[in-house]
Amino acid sequence: MTAEQLKMTGIMKRMRVIFVMVASLFFLSVCWSWMINRMMPSDSRPGKISYPVQTATDQEFEKIASVLTANESVEFKHVQIFRENGIREYRGPETCLTCHEEITVIDHVTGEEKSVDLMKNLMTSAHYTFATKGHPNVWGFNGELADNFPMGKINRPCPKPGSFAMTAWAEIVVTESGETFSEGCGQCHIGGQYQAPLGEMMPGYRTLKKEKETIDCLICHSAGYDMNLKQVITDEDGRKRWDQDRTMNAAMSVTRPTSQTCLRCHQHNFGGDIYVDEADPSFMQSLVNAGSERPRVKHPGSKRGTPISPTWDVHAAAGIDCIDCHTTEGHYIAKGTHTTTMMANDLPDVEVKCEDCHSAEPHSVNDEVADFLNEHVEMIACQTCHIPSLHPDNATMRDFANTVFEEHPGIYIYDDIEKKTQPGDGIVYKWWNGDATFLGNPIGDNPNGEDLYSFYQPEHIWPEFADFDYAGWYEKVMRPIAKKKPSKLYAMKKFNGRQHIDLQNMGPFGGMFVPYNLPEYYVSGDADRAASKEMEKSMMKMMYGTMFDVYMMNKFMRFMDDGSGNYIKGWNPGVYEEVKNITEGKVEPRWIPADASLEISHSIRLEGALSCNDCHSKNGVLDWKALGYSDDDAESLSEPPF
């Protein structure tokens with residue numbers, strides 16, 4: 001073979017290698033999402049879902065239109081748009097995208113308008129993915145920033161009612177009396193699939209067409225959405241999912257999202273599932289319209305105890321909508337720079353603060369008192385005084401392992417052994433710089449610089465760590481983080497839950513929760529059996545497998561170590577059978593070592609706000625020594641100022 005032939009042979013080999021590489025990359029780009037879903041258990045893969053389509057005659061259309069347009073307080077622009085374009089049926093996102101393939105948004109960095117692809121914007125938002133990758137204010141107990149990986153409701157436990165989204169998505173509960181209820185995390189998700197959007201946690205995942213087709217646009221954008229249709233249904237193949245309102249009435253009543261539409265899901269967290277404000281029940285639509293055939297389970301004991309409604313919140317009474325304060329960039333919605341438990345945040349660098357509307361010196365009624373109060377603004381957050389109490393139906397201590405029977409609706413439920421509402425008990429006061437630990441402890445320090453304050457106080461130390469030096473760890477790991485940014489004094493909501501813990505995946509600050517099978521939990525009231533049954537689910541088997549071990553769980557567990565590597569070296573997946581069997585000494589109900597302090601920013605009140613003497617008196621609501629003041633300073637601060 002001549003030199004020229006050898007040269008050409010080498011070139012051809014290189015070209016074949018390049019071709020194979022390009023073809024492989026093309027195959028992966030096209031088939032990567034399919035491959036990811038094939039790795040998932042069959043019951044957790046997205047499926048092709050067909051929704052019934054309601055076609056309205058012209059007469060039916062005009063009847064709906066006349067009812068909607070009779071409400072002069074709201075302008076339903078889509079009535080005329082549908083009329084002019086002959087739209088007489090709604091087919092989900094397909095109909096919306098006819099006009100809204102692209103949307104104009106305000107760039108949160110530049111403040112300038114820009115055009116974005118609607119579906120790309122939506123499918124990468126926290127409201128769809130249930131997680132975000134950026135968490136610049138969340139710290140592991142090991143001193144590492146818990147950033148740059150997917151984290152949110154999709155892979156963190158929910159304290160109402162003690163479950164994981166990836167296992168408790170859509171459940172049907174049949175009581176002994178024969179009543180049927182809908183339950184599961186999917187009720188608060190804009191997707192309509194059989195499972196949480198698990199693929200979105202994986203790098204390079206492209207949302208499938210069949211996933212996009214099930215998006216529930218109207219639950220956020222329709223004033224006329226019927227929450228009675230939001231209930232679990234079982235398809236012909238036996239798979240369960242949450243149904244949607246895709247009627248023409250809902251489609252024609254599209255508006256800018258209001259507080260009422262947001263609260264169809266979020267009131268569950270704020271005011272809970274029991275309280276309905278008689279002054280305006282529209283703020284509690286999910287409670288009033290709980291489901292026509294298989295109503296959703298109403299959970300007693302709200303997580304935060306801060307209803308958003310006219311009776312409880314001055315901003316709701318004033319007609320201010322959620323997105324008037326929470327900056328949006330299309331479907332990206334800012335939660336603010338200060339969060340303790342809401343890990344998924346589309347715009348984590350965008351502040352949501354009172355000063356956006358109120359001045360830096362908001363008090364003006366009495367000159368002397370106003371000056372005194374305005375001096376506090378620099379060190380004390382507004383909500384510290386203006387959230388003077390929590391709603392009675394809130395939980396501060398919840399025992400999942402001990403169930404109690406609720407005669408109506410005839411199910412067993414967790415035992416809320418403590419429902420405190422007042423300043424100093426249910427409401428606790430913490431120095432906070434906006435950052436948080438991996439388990440919801442607000443990070444901060446007293447600005448006096450005396451190093452007497454500690455935000456981490458373990459009230460329920462586990463026996464395995466009775467000798468752990470929490471004070472030494474705090475000074476070494478957490479004090480420097482607490483000093484990174486200035487802190488203010490915040491009112492926060494106390495919460496702790498006693499839930500089954502995998503004791504072979506734990507550290508000094510907590511361990512892996514074992515979720516409960518909700519139908520078993522509600523019907524039998526046996527928390528051990530419910531935990532065991534949920535562990536049998538395919539996604540729990542996968543969580544204790546290689547894929548989760550490598551991709552996510554090792555990182556999760558390292559954040560629970562103290563930074564030495566002596567307590568948690570990573571995820572221990574080899575204990576699945578012992579956890580599933582609730583083996584004695586391997587799984588046990590435990591309180592989290594330190595109570596969580598949940599951020600509260602709603603139920604803001606002018607009337608009843610804390611006054612000077614509520615804090616500055618011998619029996620005031622503030623524990624000055626616990627807040628990091630010396631004995632002399634504490635005594636001085638306990639004297640009434642006037």
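Throughout, numbering of the chain's residues begins at 1 and tracks the sequence. Quantities reported herein were computed from a predicted structural model and do not represent experimental measurements.
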Original post:
Given the rule in the ring-ring contact (aromatic ring centres under 6.0 Å, His included) test, do Tyr490 and His338 qualify, once you have shown the distances and angles that lead to the verdict?
Top reply: CA-CA 11 Å; Tyr490 278 80; His338 286 54; 5.6 Å; yes

**OP:** Take Tyr51 and Tyr90, measure what ring-ring contact (aromatic ring centres under 6.0 Å, His included) needs, and give me the verdict at the end.
**Re:** CA-CA 10 Å; Tyr51 293 88; Tyr90 178 72; 9.8 Å; no

**OP:** Any chance you could lay out the side-chain contact (heavy atoms from CB on, under 4.5 Å) test for His331 and His127, step after step, and finish with the verdict?
**Re:** CA-CA 8 Å; His331 297 90; His127 277 77; over 6 Å; no

Subject >> side-chain contact (heavy atoms from CB on, under 4.5 Å) between Val232 and Glu171, worked out >> reply: CA-CA 7 Å; Val232 175; Glu171 301 275 24; over 6 Å; no

**OP:** Verify side-chain contact (heavy atoms from CB on, under 4.5 Å) between Phe438 and His135, making sure each step is shown before the conclusion.
**Re:** CA-CA 11 Å; Phe438 204 62; His135 325 102; over 6 Å; no

Subject >> Verdict with reasoning, Gln260 to Ser282, per side-chain hydrogen bond (donor to acceptor under 3.5 Å, both in side chains) >> reply: CA-CA 6 Å; Gln260 284 88 337; Ser282 71; 3.2 Å; yes

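Residues Asp277 and Pro310 meet the side-chain proximity criterion, which asks for heavy atoms closer than 4.5 Å. A heavy-atom distance below 4.5 Å is not found between the side chains of Met284 and Leu263. Residues Asn137 and Pro348 have side chains not in contact (no heavy-atom distance under 4.5 Å, counting atoms from C-beta outward). Counting heavy atoms from C-beta on, the side chains of Asn394 and Lys420 never come closer than 4.5 Å. Put simply, the side chain of Phe400 does not reach to within 4.5 Å of the side chain of Pro515, judged on heavy atoms. Side-chain contact between Asp245 and Leu218 is absent, with no heavy atoms from C-beta onward closer than 4.5 Å. In this structure, Val138 and Asp147 have side chains that are not in contact, with every pair of non-hydrogen atoms separated by 4.5 Å or more.
In this view, Glu89 and Arg91 satisfy the salt bridge (Lys or Arg N to Asp or Glu O under 4.0 Å) rule, not counting sequence neighbours. Legend: residues meeting side-chain hydrogen bond (donor to acceptor under 3.5 Å, both in side chains) with Arg264, ordered by chain and number and at least two apart, are Gln285.
Aromatic ring centres of Phe149 and Phe556 lie closer together than 6.0 Å. A distance below 6.0 Å separates the ring centres of His189 and Trp169. The aromatic ring centres of Tyr332 and His108 sit 6.0 Å or more apart. Between Phe270 and His391, the ring centre distance reaches or exceeds 6.0 Å.
For the pair Arg156 and Phe513, the cation does not sit on the ring face, since its NZ or CZ is not both under 6.0 Å from the ring centre and inside 45° of the axis.
Counted within 6.0 Å of NZ on Lys484, heavy atoms from surrounding residues, nucleotides or ligands total 12 or fewer; the atom is thus considered open. Other residues, nucleotides and ligands contribute more than 12 heavy atoms inside 6.0 Å of the CD atom of Glu406.
Defined by atom type and a distance below 3.5 Å, a donor-acceptor pair is missing between the side-chain atoms of Thr339 and Glu599. Side chains of Gln54 and Thr247: a donor-acceptor N/O pair is absent below 3.5 angstrom, by distance only.
Taking all atoms of both residues into account, the shortest heavy-atom contact from Ile154 to Pro197 is CD1-O, 3.5 Å. A pairwise comparison of heavy atoms in Ala279 and Thr311 identifies CB-OG1, 3.5 Å as the closest pair. Counting all heavy atoms, side chain and backbone alike, Thr396 lies closest to Lys419 at OG1-N, 3.7 Å.
The side chain to side chain donor-acceptor pair (under 3.5 Å) pairs that include a residue from residues 93-102 are Glu102-Ser115, where partners are two or more places apart or lie in different chains.
Just one residue in the list Lys430, Lys493, Lys494 forms a side chain to side chain contact (heavy atoms under 4.5 Å, CB included) with Ser597, and that residue is Lys430.
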